[in-house]
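All remarks here apply to the structure that follows.
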Amino acid sequence: MSFKDLKLNRPLLRAVAEAGYDNPTLVQEKTIPLILEKRDVIVSAQTGTGKTAAFALPILQSLFDRQDAPKKGKQVKALIISPTRELASQIEENFKTYSAYTNLRTAVVFGGISIEPQKEVLKKGLDILIATPGRLLDLHKQDFVNLDYVETLVLDEADLMLDMGFIDDVKKIERLCTKEKQVLLFSATIPYKVEQLANSILTNPERIEVAQNSSTSKNVNQLLYFVPKKNKIELCLHLLRNTIKGNIIIFRRTKFGVEKLEKTLVKNGYKADSIHGDKSQTARQDALDRFKKGDVNILIATDVAARGIDINNLDAVVNFDLPNIPETYVHRIGRTARAGNKGMAYSLCSADEKTYIQTIQQLIQLQLDVIDEHPYPLDPKAKPIVHKSNKTGSKHKKGRKSEASKKKKKRWY
Ligand code: AMP
């Protein structure tokens with residue numbers, strides 16, 4: 001199937017061709033016709049499947065005929081709600097790319113930065129608004145956003161949105177829009193609470209499932225290092241010195257771990273930056289920009305902070321901590337070996353992570369190549385470390401968490 005078969009108009013086809021897309025992806029093929037028919041849809045698809053264009057293109061197509069409303073008279077007709085600022089910015093970039101040859105206006109609003117410039121942008125009038133929930137409600141309360149004309153409401157990354165506690169905000173936003181609107185719900189997974197939300201705000205939705213890709217690319221060379229937990233940083237430094245080259249993302253499970261590793265790498269002369277949930281919006285965006293521009297070649301991230309972010313074409317992915325959810329392993333290493341390139345994945349496994357390796361290998365139906373030749377081998381008989389409770393006194397007890405972390409107790413990512 002080609003984009004022409006999807007009956008997109010010329011300005012969109014031109015922009016899509018210039019973006020280098022040859023053919024629609026599976027999720028686009030399945031979803032675009034339904035959205036053009038004004039159906040409500042529930043789409044379960046991961047980032048990387050082309051899901052943003054799957055809703056952006058039909059939205060632009062539907063608005064195209066009315067693109068020439070006098071600028072100040074433009075009203076928000078499509079509203080896209082996204083859980084994080086990075087994702088919201090990325091969606092805006094996509095809309096801008098695809099609408100380059102139209103007169104449709106797009107803007108993004110999110111928290112963590114000054115609200116005043118956003119008010120100015122809204123005053124000028126626009127067709128498509130991308131927003132994080134809190135800032136949108138704030139702007140609505142102050143009367144800078146009118147949602148009476150919203151024809152299409154998109155909830156992107158709905159599962160993450162609910163995990164982050166935005167359920168009430170999302171429901172409120174839905175009620176502020178007109179009743180007749182079309183609702184499009186996109187989610188990587190559809191757990192019960194997403195299902196419940198869908199039942200309460202979608203009308204007779206069509207379901208689209210883009211099969212979870214549980215296989216890892218044959219082009220990724222996946223290596224496994226058994227190592228005592230206490231030696232992981234040393235092994236990581238050893239591998240960076242001798243083996244791992246190019247643009248690298250290193251995944252850790254907690255923001256505390258991310259910060260600790262970043263400090264060590266920088267101290268050892270590596271060009272590294274990091275993203276995690278405690279960093280300000282500007283700091284996270286700066287880190288991404290520095291990585292994309294090549295000012296740093298190592299990005300250390302938690303899974304949640306990296307989720308949905310368009311950092312692909314990496315030379316290597318390092319699983320410093322192994323994920324306890326096996327699908328996360330597949331997502332992580334899917335960021336390398338794109339478009340026929342070769343990629344490397346290095347997994348560091350301590351005694352207490354051995355069970356994770358088993359479930360990962362079951363999911364991907366592949367045994368990872370174990371590398372024994374390294375300076376910090378794990379004694380095969382080593383038992384998982386049992387964490388002592390605080391009562392017995394951990395040596396890390398004091399000063400282990402950042403101030404921001406203490407304030408936001410629930411956020412670990
Ligand atoms: P998404 O899943 O929306 O985050 O998209 C992942 C990446 O795929 C983005 O870099 C898009 O620019 C790219 N993309 C989206 N649709 C296509 C397509 N039809 N062909 C090639 N690349 C695409």
Side-chain angles (χ1 to χ4, degrees), residues 1-9 11-33 35-36 41-61 78 80-100 106 108 128 130 154-161 184-190 208-213 217 247 249 275 288-289 291-292 299 301 303-314 317 327-328 330-341 343:
M1 193 185 247
S2 73
F3 279 106
K4 265 193 199 138
D5 299 326
L6 291 170
K7 301 195 177 70
L8 297 180
N9 59 34
L12 295 182
L13 289 176
R14 184 174 164 198
V16 160
E18 280 179 16
Y21 303 175
D22 295 329
N23 292 304
T25 62
L26 190 61
V27 68
Q28 291 161 4
E29 230 178 85
K30 289 184 170 180
T31 314
I32 292 175
I35 299 181
L36 288 173
V41 294
I42 301 178
V43 182
S44 73
Q46 312 277 354
T47 303
T49 53
K51 69 184 175 64
T52 314
F55 61 79
L57 291 171
I59 286 176
L60 291 166
Q61 168 86 14
I80 294 92
I81 306 296
S82 164
T84 71
R85 301 134 184 191
E86 287 87 353
L87 287 170
S89 303
Q90 222 164 266
I91 297 171
E92 186 213 14
E93 270 171 39
N94 283 345
F95 265 98
K96 289 214 156 132
T97 304
Y98 308 142
S99 65
T106 306
V108 63
I128 298 144
I130 299 122
V154 183
L155 305 177
D156 194 25
E157 303 271 352
D159 51 354
L160 184 56
M161 200 115 71
L184 316 175
L185 184 147
F186 284 74
S187 198
T189 56
I190 314 280
I208 293 151
E209 205 171 316
V210 177
Q212 169 112 339
N213 186 2
S217 163
N247 280 330
I249 186 162
I275 49 172
L288 283 179
D289 290 345
F291 187 66
K292 284 186 181 173
L299 188 70
D303 290 297
V304 179
R307 183 156 163 186
I309 287 168
D310 202 10
I311 351 169
N312 301 316
N313 293 327
L314 294 161
V317 171
E327 284 82 3
T328 304
V330 179
H331 298 164
R332 287 181 178 183
I333 78 160
R335 290 176 183 271
T336 182
R338 293 262 171 135
N341 294 327

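In each ligand, atom 1 is the first atom listed, and ligand 1 is the first ligand listed.
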Original post:
Has the side chain of Ser187 got a donor or acceptor atom that lies under 3.5 Å from a matching backbone atom of Ile190?
Top reply: no
By ring-ring contact (aromatic ring centres under 6.0 Å, His included), Phe186 pairs with (sequence neighbours left out) Phe55
| message | Below the 3.5 angstrom mark, is there an N/O of Tyr21, backbone or side chain, next to an N/O of ligand 1? | response | yes
- prompt: Could you go step by step and tell me if Leu8 and Lys4 meet the side-chain contact (heavy atoms from CB on, under 4.5 Å) rule?
  reply: CA-CA 6 Å; Leu8 297 180; Lys4 265 193 199 138; over 6 Å; no
*Answer yes or no: does an N/O atom from Asn94 fall short of 3.5 Å to an N/O atom of ligand 1?*
no
So for Asn23 against ligand 1, with non-hydrogen atoms under 4.0 Å, the contacting part is backbone
Value for CD (Glu93) from CD (Gln90), rounded to nearest 0.5 Å, stands at 6.5 Å
Quick note on ligand 1: atoms under 4.0 Å from a heavy atom of Thr52 include exactly 1 (P), 3 (O), 4 (O)
With heavy atoms and a 4.0 Å threshold, my read on which part of Phe3 contacts ligand 1 is side chain
Inset, instruction - Ignoring hydrogens and angles, tell me if any N or O in the side chain of Gln28 forms a donor-acceptor pair with the backbone of Gly50 under 3.5 Å. - result: yes
Counting heavy atoms under 4.0 Å, the part of Gln28 that contacts ligand 1 is side chain
Hits for side chain to side chain donor-acceptor pair (under 3.5 Å) against Asp5, two or more places apart or cross-chain, chain-then-number order -> Ser2
Going by heavy atoms, is Thr97 under 4.0 Å from ligand 1?
no
A student checking ligand 1 against Thr25 at a 4.0 Å heavy-atom cut-off should list atoms 17 (C), 18 (C), 19 (N)
Check: Hey, are Glu327 and Arg332 close enough for a salt bridge, meaning a charged N less than 4.0 Å from a carboxylate O?
Finding: no
Using distance alone, determine whether Tyr98 and ligand 1 share an N or O pair under 3.5 Å.
no
